[in-house]
Amino acid sequence: MSAQPDALLPFADAVATFDPVLGLEVHVELGTATKMFCGCPTGFGAPPNTQTCPTCLGLPGSLPVVNRVAVESAIRIGLALHSDIAPWCRFARKNYFYPDMPKNYQVSQYDEPIAVGGWLDVDVPTPDGPRRVRVEIERAHMEEDTGKTTHQGGETGRIHGADYSLVDYNRAGIPLIEIVTKPIEGTGASAPEVARAYVAELRALVRALGVSDAHMHQGSLRCDVNVSLRRGPDQPYGTRSETKNVNSLRSTERAVRYEIQRQAAVLAGGGRVVQETRHWHEDTGLTTPGRSKEQAEDYRYFPEPDLVPLAPSDEWVAQLRRTLPEMPAARRRRLQADWAVSDFEMQSIVNAGALDPIEATVADGADPAAARKWWLGELARVANERGVEVGELPIFPADVARVVALVESGALTDTLARRVVDGVLAGEGSPDDVVAARGLKVVDDDAALLAAIDEALAANAEVAEKIRGGKVQAAGVVVGAVMKATRGQADAARVRELLLARLGVSG
Amino acid sequence: MAQPADLTRLTAHDLATAVAAGEVSAVEVAQAHLDRISAVDEAVHAFLHVDTDGALAAARAVDAARAAGERLGPLAGVPLGLKDVLTMQGVPTTCGSRILEGWRPAYDATVTRRLKESGVVILGKTNMDEFAMGSSTEHSAYGPTHNPWDLERIPGGSGGGSAAAVAAFEAPLAIGTDTGGSIRQPAAVTGTVGVKPTYGGVSRYGLVALASSLDQAGPCARTVLDAALLHEVIGGHDPHDSTSIDAPVPPVVEAARRADVRGLRVGVVRELSGAGYQVGVQQRFDEAVALLEELGAEVVEVSCPHFTYALAAYYLILPSECSSNLARFDGIRYGLRAGDDGVRSVEEVMSTTRAAGFGDEAIRRIILGTYALSAGYYDAYYGSAQKVRTLITGDFRAAFEQADVLVSPTAPTTAFRLGEKLADPLAMYLNDVATIPANLAGIPGLSLPVGLAPEDGLPVGLQVMAPVLADDRLYRVGAALETALLDRWGRPLLEEAPSL
Amino acid sequence: MPSITRDEVAHLARLARLDLTDEHLDRLAAELDVILTSVATVAEVATADIPPTSHPLPLTNVFREDVVHPSLAPEQALAAAPAVEDQRFRVPRILDEE
Ligand SMILES: [Mg+2]
Ligand SMILES: [Zn+2]
């Protein structure tokens, strides 16, 4: 780690002086049942070294055999990105030593990737609504993941200062697709947002394809961020840094912003940017230098002799093309029209990760506005508290649809409905289970409500006088007291009606 | 059939027949060979590990199966030596290297599994040049194997242990692996039969890779028929090996029994003779070709002009692939770990381990391959070598338009003396000059003994090569020649070897 | 004509993770020079119009179905490891993060 913190130029100054150019390399871990080259399962979180075999442990004599579904997933990703699918391509060995890599080479693709070219349109949020940016794709290729290393001793469990490390090879050999963009130019000050929007769109794409769960926090989607600066759009590219293993959308944006500010400070001070890899630190929001170009490994790529070439036939590719689902952007446009929401509202739905749940809730019969209110309101709040995505909460869209129905029918008030949702999230069962178990129902007996109103008026004589005197807005205090007395089970609108009638005032 | 005095002198075919007929038990056969190993292997050093208990247990299982009336495979009860480069679950597998000392694999190679399933009795693991790099078995970390014809001479390599075990009657059969001649050249210098099948004809799963695009396991035997029987047991498609051919094993046993070359066009490769070939080797080879003609073959001369570059291409492709294949031996997951004092970094421990665990030849080839693949050199070296490979394949294609099989001396010389070429890597590499082209093109090759060189009284081998998947032709020619030579000699060549 | 220096061999040895003595590096430099000079002849015939052959047989599209096969038991996976802790392979400290 660098002893001294990096000098940073204020972002506005940086992008006023320099033109940032981005490059993004995204690794997507495929959700296949088995690994890229062996029959071991790929489940996340299994006990260490329980999902290994001679092949993924790199035992002497073991051999790889390609997983057909992994190749199909790669081709489908390529097709969705409008890439050309190579009629003939190969795997290559990338040779370097690292203890998390059982063979000390990674089986990857080098100059013969499965998918070449293509593009992905992303909607970059701006204060004036989304702006569409076309990100050109360089290539997408297949490779295998490495094992997982944990560092022991030292102070922090970090690699630096550790006494030794422990390796679990469960992840070794899980199929990865690496998607590499062409240099992304002309983003200017919105470079961080473009980077974030691209990764988000790619994530939506692979999820829509059903090829990966793409959970960044579990590492099943990882991003390397390349940033360089130049003096202007007509200037040659500057020297780039490559920031590795950025593991959230927010970090993608922050890492780009940080590198722009850092490099701008170097250049503005008359220095030269060093070509190097850098490491992103989630906790501090800093990048620190890794390996420089001079120290860069010579990977000695050569065609993997244990595997034969891939030659996807036109028929196979055509058949896979027929399996492509509606692309996320088209779907968003369709849903936005169906739900009649503004660009801005749609953007917040997407940002909250609430598109799938809202669509499902609507499909289960809820009104779009009501569904949106729940998923962007109460549920978004809880998800935020728990540090998960809204779709990961233990509540089904059908549950939310049921709650909406209960409110609409007048069986629940909003307040009660929130308690029902709390119950579902607490694992107390379906909405109906919670209603029954907690005895939640709107108190719709006017006589009971009037009794409670009288009690509240007696306790708030001054307020009662004010209302009688025409200050109708003071009614809220009494209504609140009644709601409290009925533990929220009354319909507040009905209480207000009854109250005003009691006092002979018109609302 | 009356029980012979010495079971170790029988062919695999005769042993299997005797076991199947109940004339002798598999346990007796195994014990006879274990006794022979005890008697002679101190001098020969063909075995790195003798699995006495495992062999006897396997033999008992064969006897029990027979007693239960089960149908036995064609080689059930026949003992075999397994080259130490193939994994066998629970049995030490070293590849002749210190770096794997004590490693007991968690799994069986496909070849090993097929042998076990067919009732072949695996006696143990045979010696070899470290990771199959060499032509003399002197590069074994566990000491050289000695040629049964002359204990001061090399048994060939890398599979010298397998060939010597067969030649010394320690086993009627052995498995070798052939990357540039490691089955055929040892066969030639020990007076035995060795076959490199078509690349992809025998699974490489569990064969510790030297050069993945060249390696192929195959049979070592004393007769052509025995080799064919073993070929049929180990051959065939394996879904665990992506480079394995999904086609039936060529009819090798049938071809070995047919033993007829009438009308067959035999091509003598001009580039694989003359300068560099020992006079007596050339003489025996020429006589054998004449014999083939007498047997009704049509002999033609063919030219393969790019064979001149085969050795150079091979010594770029092999080190390149092996530098990568041997990277996994790093002291992390299995095998030797050296220099781990709790202070040194993983990189230092890996480097210390590898320098301590690999012998000189392995290090030489790893460095050579690292160079040939590195940035700026790839095109000139590895890339060019791959183009030469294309040219050599083209030479074979053209030659096989003129001839059904090609022949040459297997090795340019008879067995040389231990230590003679150890200091001169290039001289050592030249031993494989005639065998390498077949590996580069993936075609099958067989070596069989065709007599003793007059000048030193040591065995000479003749190599037969055939097109891809025409392995049966090797056996047809080999068996015809073998029968005719046996006729001429009156007894097998190995009977001429001094007793141990 | 290749002429390979000890420094070059030292660089290759580092790439290949081989901790060799200076004497060994010198010896290798001399040997490699002879071998490389000899094998460099491949360039004589390797013209641009010749396609490379990386694999002896023209096979393509060999796949495995995406079906789980039993993995090794962790005891088996770890049985041969020089050092084990917490069912993981224990390795000396890693200095340089990739
Ligand atoms: Mg990659
Ligand atoms: Zn596995």
Side-chain angles (χ1 to χ4, degrees), chain B residues 103-104 106 199-200 213-214 239 242-243 245 306 309 311-313 315-316 323 327 330-337 339-340 342 344-352 354-355 358 363-364 366-368 370-371 374 380-381 383-391 393 425-426 439-442 468, chain C residues 2 4 8-9 11-21 24-25 27-29 31-32 34-36 38-59 62-65 72-73 75-83 89-96:
Chain B
W103 183 54
R104 291 172 186 264
Y199 182 87
S213 76
L214 303 164
S242 306
T243 62
I245 299 172
H306 299 100
Y309 300 96
L311 196 69
Y315 276 100
L316 286 166
S323 71
D330 62 1
I332 300 298
R333 290 157 298 276
Y334 40 77
L336 180 74
R337 177 183 288 186
D340 185 6
R344 279 186 231 214
S345 70
V346 73
E347 180 178 333
E348 291 170 312
V349 171
M350 281 182 182
S351 302
T352 309
R354 288 165 59 78
F358 288 131
I363 288 174
R364 193 176 291 131
I366 290 170
I367 294 283
L368 182 57
T370 304
Y371 179 82
S374 57
Y381 289 103
S384 294
Q386 290 201 321
K387 290 181 171 188
V388 169
R389 200 167 182 176
T390 308
L391 294 170
T393 306
L426 271 187
N439 298 85
L440 290 173
V468 163
Chain C
I4 189 159
E8 281 177 276
V9 180
H11 169 69
L12 297 170
R14 206 197 82 73
L15 272 180
R17 298 291 185 273
L18 289 165
D19 180 21
L20 304 179
T21 62
H24 198 163
L25 292 173
R27 186 150 46 89
L28 277 170
E31 286 170 354
L32 287 188
V34 174
I35 297 169
L36 283 169
S38 159
V39 297
T41 54
V42 290
E44 290 171 12
V45 284
T47 50
D49 54 321
I50 302 164
T53 297
S54 60
H55 194 271
L57 301 176
L59 298 171
V62 174
F63 298 118
R64 175 178 62 76
E65 298 311 319
L72 293 172
E75 309 77 63
Q76 284 178 294
L78 293 152
F89 294 82
R90 183 178 158 147
V91 306
R93 66 208 175 90
I94 302 169
L95 286 186
D96 173 31

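Throughout, protein chains are lettered first and strands after them, A, B, ... in sequence-line order, and every chain is numbered starting at 1. Only a predicted model underlies this, so the values are computations on that prediction, with no experimental measurement involved.
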Chemist: Answer whether the closest heavy-atom distance between the side chains of C/His55 and B/Thr243 falls below 4.5 Å.
Modeler: yes
Chemist: Among B/Leu311, B/Val349, B/Ile366, B/Leu316, which residue has the highest count of heavy-atom pairs closer than 4.5 Å to chain C?
Modeler: B/Leu316
Chemist: Applying the side chain to side chain contact (heavy atoms under 4.5 Å, CB included) test to B/Val388, which of C/Ile50, C/Val45, C/Thr53 qualifies?
Modeler: C/Val45
Chemist: For C/Pro92 and B/Val346, which heavy atoms make the closest approach, and how far apart are they?
Modeler: O-CB, 3.4 Å
Chemist: So which part of B/Leu426 gets closer than 4.5 Å to some heavy atom of chain C, the side chain, the backbone, both or neither?
Modeler: side chain
Chemist: Most heavy-atom pairs under 4.5 angstrom with chain C, which of B/Leu440, B/Leu391, B/Val468?
Modeler: B/Leu391
Chemist: Taking side chain as everything from C-beta outward and backbone as N, CA, C, O, which of these in C/Ala79 sits under 4.5 Å from a heavy atom of chain B? Side chain, backbone, both or neither.
Modeler: neither
Chemist: Using heavy-atom distances under 4.5 Å, tell me whether C/Leu57 contacts chain B through its side chain, its backbone, both, or neither.
Modeler: side chain
Chemist: Starting at CZ of C/Arg14, measure out to OG1 of B/Thr370 and round the result to the nearest 0.5 Å.
Modeler: 12.0 Å
Chemist: Enter the distance from C/Glu8:CD to B/Tyr371:OH here, rounded to the nearest 0.5 Å.
Modeler: 6.0 Å
Chemist: For a quick test of reading the model, state the closest non-hydrogen atom pair linking B/Tyr381 to C/Leu36 and the distance between them.
Modeler: CE2-CD2, 3.8 Å
Chemist: Using non-hydrogen atoms only, which part of C/Leu12 is less than 4.5 Å away from chain B: side chain, backbone, both, or neither?
Modeler: both
Chemist: Would you mind checking which part of C/Thr47 comes under 4.5 Å of any heavy atom in chain B, side chain (CB onward), backbone (N, CA, C, O), both or neither?
Modeler: backbone
Chemist: Considering only heavy atoms, which portion of C/Arg64 lies under 4.5 Å from any heavy atom of chain B: side chain, backbone, both, or neither?
Modeler: neither
Chemist: Under 3.5 Å, is there a donor-acceptor pair between the side chain of B/Ser242 and the main chain of C/Val62?
Modeler: no
Chemist: Does any backbone or side-chain atom of B/Ala327 lie under 4.5 Å from a heavy atom of chain C? Answer side chain, backbone, both or neither.
Modeler: neither
Chemist: For the residue pair B/Lys387 and C/Ala48, what are the closest heavy atoms and their distance?
Modeler: NZ-CA, 3.5 Å
Chemist: Which value, rounded to the nearest 0.5 Å, describes the distance between B/Ser345 atom OG and C/Ile94 atom CD1?
Modeler: 9.5 Å
Chemist: Non-hydrogen atoms of chain B under 4.5 Å away: do they reach the side chain of C/His11, the backbone, both or neither?
Modeler: neither
Chemist: Looking at C/Glu31, C/Arg27, C/Gln76, C/His24, which has the largest count of heavy-atom pairs under 4.5 Å with chain B?
Modeler: C/Glu31
Chemist: Where does B/Ala313 contact chain C at under 4.5 Å (heavy atoms): side chain, backbone, both or neither?
Modeler: both
Chemist: Based on non-hydrogen pairs under 4.5 Å, which of C/Ser38, C/Ala77, C/Pro51 is most in contact with chain B?
Modeler: C/Pro51
Chemist: How far apart are the closest heavy atoms of B/Gly331 and C/Pro82, and which atoms are they?
Modeler: O-CG, 3.4 Å
Chemist: Answer whether the closest heavy-atom distance between the side chains of B/Glu347 and C/Leu95 falls below 4.5 Å.
Modeler: no
Chemist: Which distance, rounded to the nearest 0.5 Å, do you find between the CG of C/Asp19 and the CZ of B/Arg354?
Modeler: 12.0 Å
Chemist: Using a cut-off of under 4.5 Å on heavy-atom pairs, state which of B/Ala380, B/Ser213, B/Gly442, B/Gly339 scores highest against chain C.
Modeler: B/Ser213
Chemist: Do you know which two heavy atoms are closest between C/Pro56 and B/Arg389, and how far apart they sit?
Modeler: CD-NH2, 3.5 Å
Chemist: Under a 4.5 Å heavy-atom cut-off, does chain C meet the side chain of B/Arg344, its backbone, both or neither?
Modeler: backbone
Chemist: Are the side chains of C/Leu78 and B/Arg333 in touch, meaning some heavy atoms are under 4.5 Å apart?
Modeler: no
Chemist: Provide the closest heavy-atom pair for B/Ser384 versus C/Ala43 in the form atom of the first, atom of the second, distance.
Modeler: OG-CA, 4.1 Å
Chemist: Contact part of B/Ser323 toward chain C, heavy-atom cut-off under 4.5 Å: side chain, backbone, both or neither?
Modeler: neither
